[in-house]
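Remarks on the structure that follows.
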Amino acid sequence: MSNTNFIQIHPKDNVLVALQNLPKGYRIEFNGSAFFLPRGVAAKHKFTCRALDKDSEVVMYGVLVGRLNRDVLAGELLDTQNLRHDTEPYVLGARDLEWTKPDVSAFVNRRFLGYHRSDGRVGTANYWLVIPMVFCENRNVSTLKEALEEKLGYRVRKKDYSQQVDQLIAAVEGGDSSSRIRTMEFHPESLPDKHQRLFENVDGIKFLNHDMGCGGTRQDSDALCGLLAGYITHPNVAGATVLSLGCQHAQVSILKEEIRKREPGYNRPLYVFEQQEQGTEQALMHNVLRSTFAGLIEANRITRRPAGLDKLCVGLECGGSDGFSGISANPVLGWVSDMLVTLGGSVMLSEFPELCGVEQELSDRCVDVETAQRFLDLMQRYNTKAEADGSGFYMNPSPGNIRDGLITDAIKSAGAAKKGGTSPVQFVADYPELANKQGLNLLCTPGNDVESTTAEVGAGATIVLFTTGLGTPTGNPIAPVIKVASNTAVYHRMNDAIDINCGTVIEGVETIEQAAHRTLEYLIEIASGQREAKAVQLGQDDFIPWRRGVSL
């Protein structure tokens, strides 16, 4: 039940969400009763729709999301003082696989233009990778980036702020005061010309520095090899150059075995160099450059060709969530997810700390008992390890989340899970496994935006839909990350980083279904190379492998 000022998300809910700032004393009429707000309630925040006693359940999205620390009045604002995290216990239950497929008639015969690989998968881009097996090789990777990126026409046309620095230097030399400098106007800066690409069909060379590969646990180095294999065999990757020191935990032999697991017939160019065998840096670089150019020539022969939407594998992600994320942007992605599943595509829901409280629903939706049990086991092991280290799932919400209405992890999770739609769960994967089965996949990752996005792409996502309420510039080196705003204000405030506005749902301009259709149209354009995601324009190549220690 809703009006223009507040909404009840689910009929079982005993709280309402403010859609606009509501002042103290504001009269609420709901379900035949009326009351006045004892305190002002900011937009996105929650308030009770009746008086509740201490320890009473608080229900949102139809599920338990917390308990009260004290008695509250009708209309009481929920905050960290009067509400604590709580969820229902979960058990292995009966299968609940009934769902209503959305109308996809407008998309049944649609195609996107992608890069077809020999294993039958289709990429949305065509990149060459340069990857270090261990952090010791980061300098060599950076040296190659300096040598190759601009000359081959791949340097992102970023704004050059050096002109502003020159203006500030001149002001200081001219004796301007600090107060004047703080308010001085800058002259418009120009963007440098972008060099013409030598390899027109190669979208870029991506250099994936990281701080792992040795010195940590063997579990982490083995997982790194699996993640890197996921990137090397990814449909968006034409080939790769791998730099190894030679003595590290993350051995090339482990990497090659992980590649075989993911693609037994892998036949794209792959050049591996161990510095301890090559000798001098000069010898290493000469050999790397020659092989990489040979590989780029092969990669440039591949062109985009039509493919059905069933060849898409879409990662579902959120970051910088707010109190509107679970009402607008996340349900829109849920509708897109159900459309893609109906069309035969793959979708991937991750961030297990942000599925806390909806375990029962998701496990019941798993196609069989074994899949459901694996999901429950992964959730329990992850949370148990986190609690042992003093940081359970209940500590997931960030200060920004809380400030914008996500008071408990259960509230955040119930809204975040909406990205996965309503279709049955076909597969549950543990990091860094592939999670690209047809239908809805669950992938165990942390809630950390970049770690989770990095993992989703390594698990096979060829494009990522990423919702945000507070705003984030997050991207990925090889998969377009489409940013979807939950509210119009952040969409306009960060319009250089955010692609799609779902604040229209909050404002009543669009339905969730209409916004989902618009989002899928946009996604097809990005997948076809006809439009560039804002994160790609910014050169936002975030890549952080997950250490299996606690990261929420």
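- Defined by atom type and a distance below 3.5 Å, a donor-acceptor pair is missing between the side-chain atoms of N441 and Q426.
- The number of heavy-atom neighbours closer than 6.0 Å to CD of Q282, taken from other residues, nucleotides and ligands shown, is 12 or below.
- D310 has its side chain out of reach of L343: every pair of non-hydrogen atoms, C-beta onward, lies at least 4.5 Å apart.
- Y382 OH to L355 CG: the interatomic distance, rounded to the nearest 0.5 Å, is 10.5 Å.
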* Asked: Going through the checks in order, is the salt bridge (charged side-chain N to carboxylate O under 4.0 Å, His left out) test met by K419 and E351?
  -> CA-CA 11 Å; K419 300 192 301 293; E351 301 176 287; 3.6 Å; yes

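- Remark: the backbone N or O of A410 is not paired with any side-chain donor or acceptor of E354 at under 3.5 angstrom.
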* Show your working on salt bridge (charged side-chain N to carboxylate O under 4.0 Å, His left out) between R365 and E361 and close with a plain yes or no. => CA-CA 6 Å; R365 283 167 54 190; E361 179 206 343; 3.0 Å; yes

* Asked: Is there a side chain to side chain contact (heavy atoms under 4.5 Å, CB included) between I478 and V457 once you walk through the steps?
  -> CA-CA 8 Å; I478 66 169; V457 175; 3.6 Å; yes

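- A donor-acceptor contact shorter than 3.5 Å links the side chain of K311 to the backbone of G120.
- One N or O on the side chain of T342 and one on the backbone of D338 form a donor-acceptor pair closer than 3.5 Å.
- Under the 4.5 Å side-chain criterion, counting only non-hydrogen atoms from C-beta, S346 is not in contact with L312.
- Taking each heavy atom of N126 and A238 in turn, the nearest pair found is OD1-CB, 3.2 Å.
- Note that CG of L443 is 9.5 Å distant from CG of L378, once rounded to the nearest 0.5 Å.
- Salt bridge status for R121 with D119: present, with a side-chain N to carboxylate O gap under 4.0 Å.
- One distance of note links CG of N501 with CG of D499; it measures 11.5 Å at 0.5 Å rounding.
- Using modelled atom types, one side-chain atom of N401 and one backbone atom of S321 make a donor-acceptor pair closer than 3.5 Å.
- Using a 4.0 Å cut-off between charged side-chain N and carboxylate O, E433 and R374 make a salt bridge.
- Between E258 and R262 there is a salt bridge, since a side-chain N of the basic residue sits under 4.0 Å from a carboxylate O of the acidic one.
- A salt bridge links R260 with E257: at least one charged nitrogen is closer than 4.0 Å to a carboxylate oxygen.
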* Begin with the C-alpha distance, continue with both residues' side-chain angles, and end with the deciding distance and a verdict on salt bridge (charged side-chain N to carboxylate O under 4.0 Å, His left out) for E146 and R155. => CA-CA 10 Å; E146 292 172 8; R155 186 179 297 279; over 6 Å; no

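- Side-chain contact between L152 and I205 is present, with at least one heavy-atom pair separated by less than 4.5 Å.
- Contact detail for M212 and P545: the closest heavy-atom pair is SD-CB, 3.6 Å.
- A salt bridge does not link D496 to K534: none of the charged side-chain nitrogens sits closer than 4.0 Å to a carboxylate oxygen.
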* Asked: Which is it for T87 and V358 under the side chain to side chain contact (heavy atoms under 4.5 Å, CB included) test, yes or no, and what are the steps along the way?
  -> CA-CA 8 Å; T87 60; V358 294; over 6 Å; no

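- In this structure, a donor-acceptor pair under 3.5 Å is present between the side chains of Q278 and N287.
- In the model, S142 has a side-chain atom that pairs as donor or acceptor with a side-chain atom of N209 under 3.5 Å.
- N300 contributes a side-chain N or O that, together with a main-chain N or O of E200, makes up a donor-acceptor pair within less than 3.5 Å.
- The two residues L144 and F207 come nearest to each other via the heavy atoms C-CE2, 3.9 Å.
- Put simply, the residue from D430, T445, L442 that forms a side-chain contact (heavy atoms from CB on, under 4.5 Å) with F352 is L442.
- Under the 4.5 Å side-chain criterion, counting only non-hydrogen atoms from C-beta, Y90 is in contact with M379.
- Panel note: side chain T467, backbone V484; no donor-acceptor pair is recorded below 3.5 Å.
- A distance of 10.0 Å separates CG in L333 from CE in M339, rounded to the nearest 0.5 Å.
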* **Step-by-step side chain to side chain donor-acceptor pair (under 3.5 Å) determination, D222 to Q219** => CA-CA 5 Å; D222 287 351; Q219 182 189 31; over 6 Å; no

* To do: Output, in order, the C-alpha distance, side-chain angles, deciding distance and verdict of ring pair (Phe, Tyr, Trp, His ring centres under 6.0 Å) for Y231 and W128.
  => CA-CA 10 Å; Y231 274 70; W128 187 273; over 10 Å; no

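- Under the 3.5 Å distance criterion, with hydrogens and angles disregarded, no donor-acceptor pair is assigned to the side chains of Q163 and D166.
- Taking NZ of K418 as the start and OG of S413 as the end, the distance is 12.5 Å to the nearest 0.5 Å.
- Atom CZ of R111 has more than 12 neighbouring heavy atoms from other residues, nucleotides or ligands inside a 6.0 Å radius.
- In the model, Q248 has a side-chain atom that pairs as donor or acceptor with a side-chain atom of S244 under 3.5 Å.
- We find that R110 and E521 are joined by a salt bridge, their nearest charged nitrogen and carboxylate oxygen being less than 4.0 Å apart.
- Salt-bridge check for R268 with E263: passed, with a basic side-chain N closer than 4.0 Å to an acidic carboxylate O.
- Judged purely by atom type and a 3.5 angstrom limit, H249 has no side-chain atom pairing as donor or acceptor with the backbone of T217.
- No donor-acceptor pair closer than 3.5 Å links the side chain of Y491 to the backbone N or O of I500.
- Two residues are said to be in side-chain contact when any heavy atoms from C-beta on lie closer than 4.5 Å; V367 and V425 fail this criterion.
- Nearest heavy atom pair, residue T303 against residue N201, reads CG2-ND2, 3.6 Å.
- Listed for the N236 side chain is a donor-acceptor partner under 3.5 Å among the backbone atoms of T462.
- A salt bridge is defined here as a Lys NZ or Arg NE, NH1 or NH2 lying under 4.0 Å from an Asp or Glu carboxylate O, and K483 with E317 fails to meet this definition.
- The shortest distance between side-chain heavy atoms of V134 and E137 falls below 4.5 Å.
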* Derivation and outcome, side chain to side chain contact (heavy atoms under 4.5 Å, CB included), residues L255 and L228 -> CA-CA 7 Å; L255 174 68; L228 297 181; 4.0 Å; yes

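- Shown here for Q540 and P473, the closest heavy-atom pair between the two residues is CG-O, 2.6 Å.
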* To do: For side chain to side chain contact (heavy atoms under 4.5 Å, CB included), just list the numbers for V490 and L470, CA-CA rounded to whole Å, side-chain angles, deciding distance to a tenth of an Å, and then say yes or no.
  => CA-CA 6 Å; V490 75; L470 304 176; 5.7 Å; no

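- A salt bridge is defined here as a Lys NZ or Arg NE, NH1 or NH2 lying under 4.0 Å from an Asp or Glu carboxylate O, and D322 with K412 fails to meet this definition.
- The backbone N or O of V122 lies less than 3.5 Å from no partner atom in the side chain of R117, so there is not a single donor-acceptor pair.
- The shortest distance between side-chain heavy atoms of N140 and F273 does not fall below 4.5 Å.
- Between A461 and G315, the closest heavy-atom pair is CB-N, 3.7 Å.
- How far CG of L245 is from CD of Q276: 4.0 Å, rounded to the nearest 0.5 Å.
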